[in-house]
Structures are given as C-alpha cells and as structure tokens.
2 protein chains.
Amino acid sequence: MRASDRAYRTLRTEVLDGSLEPGTVLQEVEQATRLGVSRTPVREALRQLAADGLVDASGRGAVVTALSRDDIAALYELREALEAKAAALAAQRGDAVPFLLIRDRLLGAPQLLAQGEPGLVPYFDIVDDLDDAIEEAAANPFLATALRSVQLHSARIRRFSRHNPERLRAAAGEHLLIVEAILARDAELASQATHVHLHMSLTNALATAPGTVGEADEGTALGPRVA
Amino acid sequence: MRASDRAYRTLRTEVLDGSLEPGTVLQEVEQATRLGVSRTPVREALRQLAADGLVDASGRGAVVTALSRDDIAALYELREALEAKAAALAAQRGDAVPFLLIRDRLLGAPQLLAQGEPGLVPYFDIVDDLDDAIEEAAANPFLATALRSVQLHSARIRRFSRHNPERLRAAAGEHLLIVEAILARDAELASQATHVHLHMSLTNALATAPGTVGEADEGTALGPRVA
DNA sequence: TCCGACCGTTGTGTATACATTGGAGGGGTC
DNA sequence: GACCCCTCCAATGTATACACAACGGTCGGA
C-alpha cells in the first residue's frame, strides 16, 4: 500500500475516534516524522482530509475541525435529505435479497445489545451493512459519494451513543422498520421511516454530546495544540 | 496565487467546458510541461479533480470522467434531494433582502434572453446568484459542500441548454416561482417548486444531451487519448 | 515603559532527483 | 500459430533540497 494512503487512513482514524482532538494542529514535518514517511505523502493525506472536511487547511498547518452542536444539527439535516432519498430509491429499485439477510440479522440485534460492550461491534456491523445495502440499491454514484461523506462525519458522533444501550435498542427497531418498508417496495414509507429514525437519532446525539465534540474542557486559552 | 491552485482551476475549467473531453488521459509530466509548473502542483490538482469526481485516478494517469445519460439522471436525483431541502431551509431561515433583489433581476430575464447569445452570461449570473443565495440562506455548511459538488457537475451539462432559448425562458419562470415561495416563507412550496424545476430541467437535458456527454463519436476503438 | 522595526526561525510551496511499479513488446517455447 | 515469460521503459510514488513568506522575539528609540 502507498505511504500516502497509510498516512491518510492513520490520520483519518485518529480524527474519527477522537485521539486527535478538534483544534489539534497537524504540521507536515511533525506528522511525517511521527508516521515515518516524508512530507510528500503527508501533504497528500492532509489535502484529502481537508477535502473530507475533517481538517481545516486554511493558513499554516491543518487544524482538526470541531463539531459544534449546530454542526451536528446541520449534518443531520443533510443526512435526512440524502438518506430519505436513498431509502426511497432503494425501495423502488433494490434487490430484496440483501435486505432479507439484514432483516434477519436485525431481529437478533436485541440479543447482541443485551451482551453489553462485546455486542456493539457486530451490532454496528449490521447498521453499516444496511447503509451499504441501501447505497448499493439506490444505484446512484453521486448519491453514494454524498452518503459516504456524511457517514464519515457521522462516525465522529457515533461514539457518544455507544454507551446508551436503550437508544441502540430503539434504533435497531427503527432500522428494522426501514428495511421492512424497502422490502415492501414502499418508497414513501421508507423515506418517512428514515426521517423518523434520524429525528430520534439527532435528539439523542444532542442530548449526549458535549458542547463541542471532543473539545477539551481544560485550557481553552492555551491556543491550538500541536500534535 | 499558488501554482497548484492555478493548475487546478485551469484543468477544471477545461474539463467543465469540454475542451478536455471525457476519456482524455491527463499525465503528470505532460500536464506539468503544458501548464509550465512542476509535477508537484499538478499532482495536487489531479488529486483535487479526482475528489471532485471530474477525473478518475484509478490506475495510471487520470482519466477525464464521462457523463452518460444515466449519470445525468442520477445527478438530478441527487440535485433534487439537496436543492429541495436547501430551498425549504432557505424559506424557513433566509433573509428576504437578497431574494427580493434576485426577484427583480429574474423579472428582467425574458428581456435578457430575447437578446440571444450576449444575454446568456448575465442570465446565468442571475441563476448562479440564486443558487448562492439559497446556499447562504440555508445556513448549513455540510449541505453547502454537497451543493457545490452537484453544481460542479451540473456545469458540465449546462452548455447543452445554452442553445435552447425557449427552455431558458421557462426555467426563468420556474426560478421565479422558487424565489416567490422563499419570500412567502412557504418551505413546502419552495421544495415542490424546486422539484418541478429540476424535473423540467432534466427532461430538457436528456432530450438535448448526446448519448454520452463529450464522448467522441469518431474512433471509440482508438483507446484513450493523451492530451 | 511602550511601541516599532529588523532579523532569525519555522513552516509551507515548488522543483527535482531517486525508487518502484506496472505495462507493453519482443522473443522463445509448446 | 498462440501463449507465456522476460526484459526494458515509462510513469507514478517518495524523498529531499531550495525558496519564500509569516510569525515571534529582541533590540533600539521615543
């Protein structure tokens, strides 16, 4: 694998899981040293992250972007537009088979979630596979690109709902409803069920998320951190 | 301005206006020579174009992407989801002033279009300013990013409607309806008016566009061209 | 003591040299 | 004659060197 890809994936993972907090300044030389590659692939990775909206490259050094509560609300507005459309298209066009499989897996989700922490990974695998199945069924490359972008940012929020099993159980039910609507080829219902799911999800996210995702509580006057 | 920005803008303009046709292979050394810069900024520009979806960078050399009729339909599906949402948000949140100004300008659009070719630039300026005003009024940075992406691809299609004054006059009326809905703070109407406009626009685009936008009719067996 | 200018340091932008990979073409063999 | 393999070449990937611009610190003057 190319060094630039490794650099990109490493940095992206660190931004998504919060080990690189918002406000962190990523400097080319510094990251090149840390990642054991030269500046060239790091530059490329930082440009990519900037295109993703995960860092802000204006000026000197790339700064990891913050996700304010307003940003989360805005992200969900976009998700609603995109995912409702995607669900509707999937209901119209999609092949039933993958959704049948996902339905079965979703029916087992409450058991998974009852296991606590170890069940979370397989649970989120189901949700991710559902996203992929809808994206595939919608058969629209432009929509797919836009969906991947919002999924990227949504991943930064997900870690807050990880510790809310009650919400996850409810979400599993909402996902099931979406799958049923797609299987019934009811585009309108699929769209509305998605709308409902995102509304509940946003409510939970805003209730769970701190003022600004990942922003350090200590030392706001310390200026940007350099990692 | 940075050399990489100049390279990016030059290449992007050439892709959008069709002077670099789909299938054209853009090689780093070649473009570096042509644009009078080194490979480094060209690499950056090509990466950016790939992120935009204007070139396909898989494998060796970046290939200018084609826009099939299916792609155009898919693009309009995404536009509908995004622009309907944006118009609705603009109706809910937007400041009326910019839309009042645009309404006045749109009322003069038929006169502009009656001038033929010289009126086209100011006409499309009005449309672009309306897009910007809606984007601004929607006050959603994620939606704004997605909108800019579809506008980029839409620009590749626009040159087909340039020579259809009748359609442009109708489109001006549809835009006016959207503006009126936003001014009336009627989110549902703004959304539906956008839906209608895009439906008509797509119908026209598919009627006007060749099988694959910009694809050479001669020599499909010649393999990719190198520019 | 405070303000401003100059210089040093640091970081990014660009160019170029070197490494590596992928592919095309030719030759050999089955 | 066709297919496979080997070799060579060209284009991309990576590293590094150089140039320029911005920020900070210090020194001098008011």
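Note that the coordinates shown come from a computational prediction; the quantities given were computed from them, not determined experimentally. The sequence lines fix the lettering, A, B, ..., with proteins before strands; numbering per chain opens at 1.
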Indicate whether any N or O donor in one side chain lies under 3.5 Å from an N or O acceptor in the other, for [X] and [Y].
X	Y	result
A/Tyr8	A/Asp52	yes
B/Asn204	B/Ser201	no
B/Gln31	B/Arg34	yes

Next on the checklist: Nearest heavy atom decides the nucleotide; on that basis, is A/Ala62 or B/Ser38 closer to the 5' end of DNA chain C?
Outcome noted: A/Ala62

Among the nucleotides [options], which one has an atom lying closest to any side-chain atom of [X]?
X	options	answer
B/Gln27	D/dA11, C/dT12, C/dT14	D/dA11
B/Thr40	D/dG13, D/dA15, C/dA15	C/dA15
B/Ser4	C/dT14, D/dG13, D/dA15	C/dT14

Using whole Å, what does the distance between atom [atom2] of nucleotide [N] and atom [atom1] of [X] come to?
X	N	atom1	atom2	value
B/Glu28	C/dA15	CD	C1'	14 Å
B/Glu44	D/dT12	CD	P	16 Å
B/Asp5	C/dT12	CG	P	16 Å
A/Leu35	D/dT14	CG	P	13 Å
B/Arg47	D/dT12	CZ	P	11 Å
A/Arg2	C/dG22	CZ	P	11 Å
A/Arg6	D/dA15	CZ	C1'	14 Å
A/Arg43	D/dG13	CZ	C1'	15 Å

Checklist entry - Under the 3.5 Å rule, do the base of C/dT21 and the side chain of B/Arg60 count as making a donor-acceptor pair? => result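 Result: at least one qualifying N/O pair found.
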
Checklist entry - Going by modelled atom types, is there a donor-acceptor pair between the base of C/dG13 and the side chain of A/Arg39 at under 3.5 Å? => result yes

Item to check | Donor-acceptor pair, side chain of A/Thr65 and main chain of A/Gly53, under 3.5 angstrom | outcome: yes

Checklist entry - Is it true that B/Lys85 and A/Glu80 have a side-chain N and a carboxylate O under 4.0 angstrom from each other? => result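 Judged by the 4.0 Å cut-off on N to carboxylate O distance, B/Lys85 and A/Glu80 do form a salt bridge.
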
